[in-house]
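Report on the following structure.
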Amino acid sequence: MANRSTHDGGSNPDHTGRHAVIDAEVISKRVKEAQHTEAEINLAREKYKALPQRGSILYFVIADLPLIDPMYQYSLEYFIQVFNHCLRSSPKSIDLPTRLRTLIDFTTEFVFSTGASLSSASTKLARSRLGVDANQGNLCPEVCRGLFQAHRLIFSFLICTAIQQQAQTISASDWSYLLRGAPPTPTTRPNPAPTLLTPAAWGGLHTLEDAMPVFKGIVRSFALEGQAWVRWLQSPEPYLEDLPVSWQSEGGSAISPVQKLCLLKLVRPDCLVPAIQQYVINSLGPHFAQPGPVSLHSVKKDSNNTTPIIFILSPGCDPTGELQRLALAEGFTPGERLHTISLGQGQGPLAQATIEMAAKQGHWVCLQNCHLVKSWMPELERQVARLCTEGQPDLHTSFRLWLTSMPSPHFPVAVLQSGIKVTMESPKGVRAALLRCYGTLSPAVLAQGCPQQPQAWPRMLFVLAFFHALVLERRKYGSLGWNTSYDFSDGDWLCARQTLSMFLNTQATIPWAALQYVTGRINYGGRVTDDNDRVLLTHLLPRCYTPAALTPDFTPAQGYPLPAADASLEACISHIQGLPAVDTALVFSMHPNADTTFQLQESERLISTVLSVQPRASHTAGAVSHDDMVAGVAQDALANLPAPLAREDASIARDPFAPLPTGAVNSLGVVLGQELERYNRLLHHVSASLQQLTKALKGVVAMSSSLEAMYTSLSNNQVPRQWAHVAYPSLKPLGPWLKDLQDRVAFFSSWLKRGLPNCFWLAACFFPQGLLTAVLQNHARLTKMPIDQLNFGFEVLRVEDALQLAAPPEVVDRTRDISTARTRKHDKCSAPGPFETSARPWQSARWKHYVFMPIVSDICKIRNTQLNRAEH
């Protein structure tokens, strides 16, 4: 071109311009092609957008699990590997909507399910591929088997609600009301069903009607169509029943499942857990609400030589026996190729040397109680990291590392994220406990365990297993089941079984008294520390260890017959599987209200756990910001907070601190002064913290960690923990707690300014025992009698309001509610209700856990020193 330009005597403008136009056209064409390609890519990518959205939902739900328990640790790298594996292993389809639906369902189920609850054939196929794909490392997808049973429903509920929130089928206001609720609205309308609706529930219905337009008119419907609502409320499964047809939302829109959960939480909170379970079943499928059991054989198949297997323990559970049986089945004899080390002081070097030896020779190592050696946990983390390092020619393929630990915050996170987690806990339910007991037996033990009395042995063995199930399952009722929680375990069942075998083989006749004493007082009673629990234990055992157990028609509880005396082990297990899956409180010799109390506790636990993992609510356009809402709650609480109580305001005419007529110190005045100090400290702490939070929200002061925690509590309608530390024991939410505080301060203010009250509110005291002791002291000083000869006598008066008392007795208690008992208005003592028999005079009515208590007069009486202590 240079020569041509020189030859022509210079450049050719026409030629140069023509080339520039061509280049511009080419560039423009290529730009348009690129834009078109980009649009096609974006369009294709948008079609697949639902899949990564589902993946992000699942990951963030899993990432929140450590807020429930520190052992629930899963890394992003783990989840990405699982997600990619689902893309490769899911069934293929050329139809895009079918392919997307399959991928979404496959991934959701694969991440959630335990090995025994995989429902689809495609998921089972993926699991088999996973076990043989060594290049993927540890892709154990079953998050659910690493969760305790109490948290599995919570996990599935979180997945379900997160999916529906992303699809905008659950509004933020409905979700917030379900978790946080709202203070009940005061109302003067009469309660149409006072026996079924508490005042709080009746006031809550007014709040629900104002908070959700879909419930507009429900209060009027309750008043006009009360019988239809009563039938719905009395249904054992109201979540499966339609709402009364007489009521239709004035808004015209149908009630969503979550909105129905809000209504159930308000009027039937005892049914909330099964209602949530049914909600998950309807939304995701039955396997998400009822995950199957975990098999150690499947856990071993999912592991490899670089993957530790971590048993997360609960009290009373020991996986050693099950692990030893698995080891024997795999050819790893305990003591030879299965090395078990219980970690403790000085066991670290031994454990390290054993791991190094077993890794080379292909043995199994089980390190027990890792939570007890906090100082050795960094070394354990290094050992696991060394095993996971690639390129180790001396690492045997048969090597396995098993770890056991209670939930502990100092367990290495890296080990948890790289290992397979399996929870070990006691079975739930009598049937499951019986299956676990018989699962530890061999056919030889059942058939030849007692040659001297072969007919009595299988029947006695079953009733012993039933007793073991009773003592285990009573723990779920909390203090109603046992005054103190005891860690009954499989070891107690084994010792009791050996004791039974010994007595039957060495005695010609069954020594019932000795058998009951050794089993109840030693085998199981050795754990019991409470006197009343020991009495209960010795009364439960004769239900099982009785001569009637040898008769054909004997049943330890209704609906739990004994298997045939000549039944084989398989037949016994089949018989147990046919027993009721749900146990009632009557099986445990308890009132049906115990079940309702347990269900209420479970509902509260589930909601509080879900609430604990929720992020701070974000501000949406047109709505009140979260900070403004919390600031409003703080301002309302400050405005309604009672003033401090001052001793200077005491009545002059009826001075509560004045000495007794004998000149002795007034013990009741001392108690009043102590209670004033405690309440003033609480009021000052509440006021100061609310003022600091208000300043922090305005930006005047820095938001500290304590203020941040208080902010979260107020937004969740909970009492802040820093208040609870200086307050009286209470389980009330924030709104009722503040109202209760006002009532308590008003009671002591009346005592201070008007003198000794006609009626004391015993529960209002920080230390009620001090008030009772002060009454005895004052009576002893007035009558010149030794205080150790005084005791209280009780009389239930016919009045229910303290204002009806014209003159004060010696001391009267106006405690408002009493648990597990009820009274009759026209009797002066507690008596059976109209539907109770005289043999059960202290039982409360169904669904009535706390009834209004009449005034009780506590009268000081002379103690009869000849009476037995138990008669008082």
Side-chain angles (χ1 to χ4, degrees), residues 316 318 321 430-431 433-474 482 486-529 531 533-558 560-576 579 587-589:
D318 185 7
V430 172
R431 185 177 69 177
L434 290 173
L435 288 174
R436 185 178 181 91
C437 289
Y438 273 75
T440 62
L441 301 178
S442 64
V445 171
L446 184 63
Q448 306 172 6
C450 183
Q452 300 299 324
Q453 300 194 41
Q455 296 298 321
W457 168 249
R459 301 184 67 85
M460 296 297 296
L461 190 64
F462 182 86
V463 296
L464 174 61
F466 186 84
F467 171 74
H468 180 73
L470 286 185
V471 298
L472 287 179
E473 285 304 297
R474 282 186 72 99
W482 300 102
Y486 304 107
D487 296 336
F488 297 112
S489 64
D490 294 342
D492 300 315
W493 148 254
L494 176 61
C495 291
R497 194 181 76 198
Q498 293 174 347
T499 301
L500 175 63
S501 177
M502 178 190 68
F503 275 110
L504 294 183
N505 281 320
T506 57
Q507 303 289 333
T509 60
I510 300 177
W512 296 103
L515 193 58
Q516 292 176 6
Y517 183 86
V518 174
T519 304
R521 295 280 184 175
I522 300 176
N523 291 347
Y524 286 91
R527 294 183 182 271
V528 179
T529 57
D531 292 338
D533 287 342
R534 190 173 292 110
V535 172
L536 172 63
L537 190 68
T538 55
H539 279 75
L540 288 176
L541 186 57
R543 285 182 50 189
C544 303
Y545 275 179
T546 172
L550 303 180
T551 60
D553 298 332
F554 173 78
T555 57
Q558 185 176 0
Y560 292 85
L562 274 66
D566 56 349
S568 63
L569 180 60
E570 292 77 9
C572 289
I573 293 177
S574 177
H575 172 82
I576 294 173
L579 296 178
V587 176
F588 309 100
S589 302

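If you're wondering where the values come from, they're calculated on a predicted model, not measured in any experiment.
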What is the minimum heavy-atom distance between [X] and [Y], and which atoms define it?
X	Y	result
Leu562	Pro556	CD1-CD, 3.4 Å
Asn523	Cys495	ND2-O, 3.8 Å
Ala557	Arg543	CB-NH2, 3.7 Å
Leu446	Pro458	CD1-CB, 4.4 Å
Leu504	Cys450	CB-SG, 3.3 Å
Ser589	Leu540	OG-CD2, 4.4 Å

Pair Thr499-Ile522, side chain to side chain contact (heavy atoms under 4.5 Å, CB included): steps then yes or no: CA-CA 10 Å; Thr499 301; Ile522 300 176; over 6 Å; no
Which label fits Tyr486 and Trp482: parallel for a plane angle under 30°, tilted from 30 to 60°, or perpendicular past 60°? perpendicular
Show the numbers, then the answer: is there a side chain to side chain contact (heavy atoms under 4.5 Å, CB included) between Val587 and Phe466? CA-CA 10 Å; Val587 176; Phe466 186 84; 4.0 Å; yes
Could you measure the distance from the [atom1] atom of [X] to the [atom2] atom of [Y]? Nearest 0.5 Å is fine.
X	Y	atom1	atom2	value
Cys544	Leu470	SG	CG	5.5 Å
Leu537	Leu541	CG	CG	7.0 Å
Arg474	Leu472	CZ	CG	12.5 Å

Answer whether the closest heavy-atom distance between the side chains of [X] and [Y] falls below 4.5 Å.
X	Y	answer
Thr440	Leu494	no
Phe488	Val528	yes
Pro561	Leu579	yes
Phe462	Pro563	yes

Under the salt bridge (Lys or Arg N to Asp or Glu O under 4.0 Å) rule, collect the residues that match up with Asp531, sequence neighbours excluded. Arg534
Taking only residues two or more places apart in sequence or in another chain, which ones pass salt bridge (Lys or Arg N to Asp or Glu O under 4.0 Å) with Arg436? Asp490
Taking only residues two or more places apart in sequence, or in another chain, which ones meet Phe503 in a ring-ring contact (aromatic ring centres under 6.0 Å, His included)? none
Please list, chain by chain and in numerical order, all residues satisfying side chain to side chain contact (heavy atoms under 4.5 Å, CB included) with [X], sequence neighbours excluded.
X	value
Thr509	none
Ala465	Leu434, Cys437, Tyr438, Trp493
Val535	His539
Thr546	Ala548, Ala549, Phe554

Listed once per pair and sorted, the side chain to side chain donor-acceptor pair (under 3.5 Å) pairs that draw on residues 451-469, sequence neighbours left out: His468-Tyr524
Can you pull out every salt bridge (Lys or Arg N to Asp or Glu O under 4.0 Å) where at least one residue sits in residues 517-529? Sequence neighbours excluded, please. Asp492-Arg527
Quick one: list whatever passes side-chain hydrogen bond (donor to acceptor under 3.5 Å, both in side chains) with Thr538, sequence neighbours left out. none
Residues two or more places apart in sequence or in another chain: which of them pass side-chain hydrogen bond (donor to acceptor under 3.5 Å, both in side chains) with Asp487? none
Side-chain donor-acceptor contacts of residues 512-520 below 3.5 Å, not counting sequence neighbours, with atom names and distances?
unit_1: Gln516; atom_1: NE2; unit_2: Tyr545; atom_2: O; d: 2.8
unit_1: Thr519; atom_1: OG1; unit_2: Leu515; atom_2: O; d: 2.9

Looking only at side chains, do Asp318 and Ser489 share a donor and an acceptor under 3.5 Å apart? no
Donor-acceptor pair, side chain of Ser501 and main chain of Arg497, under 3.5 angstrom: no
